[in-house]
Amino acid sequence: NLRLSSMLAALGINLEKYLHSTSMVDVHKHMTKCSACQHNTQCDEEQASSSISIETVHFCNNKKHLRDMVLQQQPAD
């Protein structure tokens, strides 16, 4: 699903790390949720925005997992 991979990239989530740290069952679930989404225009606009963040993708069906991935990739203090 190109929209999902574009969202990962826009949020700074490393695709390779995502694929290695997420079960294939969960990847399939994320792709299914993304494909069934009714917010395609909002998703595309947000991905094109320079101010995209996990807070601005509140409409995303995968927001919880995306947020967890973003938080995992942040350096520890």
Side-chain angles (χ1 to χ4, degrees):
N1 185 302
L2 293 176
R3 189 167 274 119
L4 177 60
S5 61
S6 296
M7 179 63 81
L8 293 170
L11 291 172
I13 298 170
N14 182 290
L15 181 59
E16 193 171 313
K17 285 183 181 179
Y18 167 78
L19 293 174
H20 287 289
S21 66
T22 307
S23 74
M24 291 314 295
V25 171
D26 285 341
V27 170
H28 184 263
K29 286 179 187 177
H30 298 157
M31 291 173 65
T32 301
K33 285 180 177 181
C34 191
S35 294
C37 185
Q38 300 295 312
H39 303 285
N40 294 337
T41 301
Q42 189 175 6
C43 183
D44 292 342
E45 289 172 355
E46 212 39 62
Q47 288 181 38
S49 168
S50 62
S51 61
I52 187 172
S53 73
I54 197 60
E55 289 81 26
T56 64
V57 294
H58 55 85
F59 58 87
C60 183
N61 292 336
N62 291 308
K63 66 183 170 257
K64 182 190 179 316
H65 188 78
L66 292 172
R67 184 187 68 236
D68 292 346
M69 292 289 296
V70 167
L71 292 174
Q72 286 175 2
Q73 290 192 172
Q74 290 179 346
D77 290 336

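- Side-chain contact check for Leu8 versus Leu66: some heavy-atom pair is nearer than 4.5 Å.
- With sequence neighbours excluded, no residue satisfies side-chain hydrogen bond (donor to acceptor under 3.5 Å, both in side chains) with Thr22.
- Within the structure, salt bridge (Lys or Arg N to Asp or Glu O under 4.0 Å) pairs that include any residue of residues 52-72 comprise Lys64-Asp68 (at least two apart or interchain).
- For residues 8-19, the side chain to side chain donor-acceptor pair (under 3.5 Å) pairs, not counting sequence neighbours, are Tyr18-His30.
- Taken from CD1 in Ile54 to OG1 in Thr56, the straight-line distance is 8.0 Å, to the nearest 0.5 Å.
- When each of His65, Gln72, Met69 is tested with Ile13 by the rule side-chain contact (heavy atoms from CB on, under 4.5 Å), just one qualifies, namely Met69.
- Residues forming a side-chain contact (heavy atoms from CB on, under 4.5 Å) with Asn40 (at least two apart in sequence, or on another chain): Arg3, Cys37.
- Under a 3.5 Å cut-off, the side chain of Asn61 and the backbone N or O of Lys33 do form a donor-acceptor pair.
- Expressed to the nearest 0.5 Å, how far CD of Glu46 lies from CG of Leu11 amounts to 9.0 Å.
- Not counting sequence neighbours, the partners of Ser51 by the side-chain hydrogen bond (donor to acceptor under 3.5 Å, both in side chains) test are Ser49.
- Side-chain atoms of Cys60 and His39, non-hydrogen and from C-beta on, never get closer than 4.5 Å to each other.
- Every residue meeting the side-chain contact (heavy atoms from CB on, under 4.5 Å) condition with His28, not counting sequence neighbours, appears here in chain and number order: Thr32.
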